[in-house]
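Structure first, commentary second.
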Amino acid sequence: MKILAIETSCDETAAAVVENGRRALSNVVASQVKEHRIYGGVVPEIASRRHAEAIAGITRQALEQAGATLGGIDAVAVTHAPGLIGALLVGVNFAKGLVLSTGLPLIPVHHLKSHIAANYLAFPELEPPFLSLVASGGHSHIIHVLDYTDFKVLGKTRDDAAGECYDKVARLLGMPYPGGVYLDKKAREGDPDAYHLPHPRVDGSRYDFSFSGLKTAVINLLHNAEQKGETVNTADLCASFQKTAVDVLVENTLLAAKDCKAGKVVLAGGVSANSSLRERMEKECGRLGLQLYYPPLSFCSDNAAMVGSQAYYEYKAGNIAGLDLNAYASLPVG
Ligand code: KG4
Ligand code: ZN
């Protein structure tokens, strides 16, 4: 079964053709990041307008690269939630136009579920159940994936997402948007024990995260140093921040994996590209005898191949939308 998938939830216009949920025949991504960078973050209206300009051409490229035409496609999938509403609506309406003209089934896909599915493309042997950490610019969730379309959220952030926290701290340190990758790189040159930052604790939940306190601690540290006329070593601060953020992500995920007796841990979302998160998880999962999976870098950030993968399993579960499909800025996973 060949699925044409569309993704426009944030600042990447993406289309892909995916076969039987596991093989990306094409995966085309047009990033708007350079344009948003001047503003230090994604400007929603600009994102929607760029999607509207790019979506048809990107979809044509995805079909061409897969050696397919619409006649050889079996279903159309689209990210309908969560994300920037104006951005999502461009993809949803484009997908509806395609199914109206072809008569193909329309499959709505949840963005976080598709991030997890990126791992199905990279690892043909991977099957649920497993425990997943989904950490991106908008979300930080610990999810027990019981089956391809059966998800139980065990924990999530109470405030900022992990990637959002990385980006805000990177911005404070003068790095370009999105700063997660730059902070990660700089951290590798520094001493992770140089600065003491608090491990954010969350009352009433074993697995929930809180990242805004960590960001505030960095702001306070920078202000105090400025007032005292001291210079802050950027590499050391990045390394100390990275150690603290990764500690929390690893600790909560492995606690959840232990509690639900999971044998496999799956990382997903933009932050799963983080070098320290990967290393720490490798080490800890090795020690605990857990199998660890994380996507190749090209599948960590937003793309449509992951949408086509999850869509295959949604289709098999009968999750087909009508032409009245809407987009939603937020939508629970489970
Ligand atoms: O999943 P994604 O592409 O988009 C959302 O759905 O949000 O995630 C983007 C986020 C950004 O916050 C970005 O800074 C972060 O992932 N990110 C990283 C790294 N690479 C991307 N954060 C930490 N370390 C990285 N190497
Ligand atoms: Zn994403």
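Ligands are counted one by one from 1 in listed order, and the atoms in each one are counted from 1 as well. Keep in mind it's a predicted model, so treat the numbers as computed, not measured.
At the shortest separation from atom 9 (C) of ligand 1 among protein heavy atoms lies Gly137 N, 3.7 Å. Protein heavy atom in closest approach to atom 2 (P) of ligand 1: Asp302 OD1, 3.6 Å. Scanning all protein heavy atoms for the shortest distance to atom 22 (N) of ligand 1 gives Gly180 CA, 3.7 Å.
Judged by distance alone, with hydrogens and angles left aside, the side-chain atoms of Asn27 form no donor-acceptor pair with the main-chain N or O of Ala16 at under 3.5 Å.
Taking 4.0 Å as the cut-off between side-chain N and carboxylate O, Glu251 and Arg280 do not count as a salt-bridged pair. A salt bridge links Asp259 to Arg206: at least one charged side-chain nitrogen sits closer than 4.0 Å to a carboxylate oxygen. Comment: Arg50 does not engage Asp11 in a salt bridge, judged by the lack of any side-chain N to carboxylate O separation of less than 4.0 angstrom.
Considering backbone and side-chain N/O atoms, Gly269 never comes within less than 3.5 Å of an N/O atom of ligand 1. Any N or O atom pair closer than 3.5 Å counts here, and His111 shares at least one such pair with ligand 1. Checking only distances, Asn274 does come within under 3.5 Å of ligand 1, N or O to N or O.
Residue contacts with ligand 1 for Asp184 involve side-chain atoms from C-beta outward but no N, CA, C or O (heavy atoms, distance under 4.0 Å). Contacts between His115 and ligand 1 below 4.0 angstrom, taking non-hydrogen atoms only, involve the side chain exclusively. The part of Asp167 lying near ligand 1 is the side chain, judged by heavy-atom distances below 4.0 Å.
The shortest heavy-atom distance from Cys10 to ligand 1 is not under 4.0 Å.
Using a 3.5 Å distance cut-off with no hydrogens or angles, the side chains of Tyr312 and Glu314 do not pair a donor with an acceptor. Remark: the Tyr315 side chain and the Gln310 side chain contain no N/O donor-acceptor pair separated by less than 3.5 Å.
Phe241 and Tyr166 have their aromatic ring centers within a separation under 6.0 angstrom. Here Phe211 and Phe209 bring their ring centres to under 6.0 angstrom of each other. The ring of Tyr313 has its center closer than 6.0 angstrom to the ring center of Tyr120.
When each atom of ligand 1 is checked for a heavy atom of Tyr166 under 4.0 Å away, the hits are 23 (C). Under a 4.0 Å criterion applied to the non-hydrogen atoms of Ser301, ligand 1 contributes the atoms 3 (O). The ligand atoms of ligand 1 that sit less than 4.0 angstrom from a heavy atom of Ser136 are 1 (O), 5 (C), 6 (O), 7 (O), 8 (O). Listed by number with element, the atoms of ligand 1 under 4.0 Å from a non-hydrogen atom of Gly163 are 12 (O). In the vicinity of Gly270, heavy-atom distances shorter than 4.0 Å reach the ligand 1 atoms 1 (O), 2 (P), 8 (O), 16 (O), 17 (N), 18 (C), 19 (C), 20 (N), 21 (C). Near Gly138, with a cut-off below 4.0 Å to any heavy atom, the atoms of ligand 1 are 7 (O). Each of the following atoms of ligand 1 lies closer than 4.0 Å to a heavy atom of Ala273: 20 (N), 26 (N).
With sequence neighbours left out, the side chain to side chain contact (heavy atoms under 4.5 Å, CB included) criterion links Lys186 to Met175, Glu189, Thr234, Ala235, Cys238. Every residue two or more places apart in sequence or in another chain that forms a salt bridge (Lys or Arg N to Asp or Glu O under 4.0 Å) with Asp160 is listed here: Lys168, Lys215.
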Below 3.5 Å, can you tabulate the donor-acceptor pairs from side chains in residues 74-100 to any protein atom, sequence neighbours excluded?
unit_1 : atom_1 : unit_2 : atom_2 : d
Asp74  : OD2    : Lys2   : N      : 2.7
Thr79  : OG1    : Glu7   : OE1    : 2.7
His80  : ND1    : Val109 : O      : 3.3
Asn93  : ND2    : Leu89  : O      : 3.1
Lys96  : NZ     : Leu323 : O      : 3.0
Lys96  : NZ     : Leu325 : O      : 2.7

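Protein contacts to the Zn ion (ligand 2) involving N, O or S atoms at a distance below 2.8 Å are His111 NE2, His115 NE2, Asp302 OD1.
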Practice prompt. Check the pair Gln242 / Asp184 against side chain to side chain donor-acceptor pair (under 3.5 Å), numbers first and verdict last.
Written response: CA-CA 7 Å; Gln242 171 128 300; Asp184 182 10; 2.9 Å; yes
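Residues Leu104 and Ile107 are members of separate hydrophobic clusters, defined by side-chain heavy-atom contacts under 4.5 angstrom among Ile, Leu, Val, Met, Phe, Trp and Tyr.
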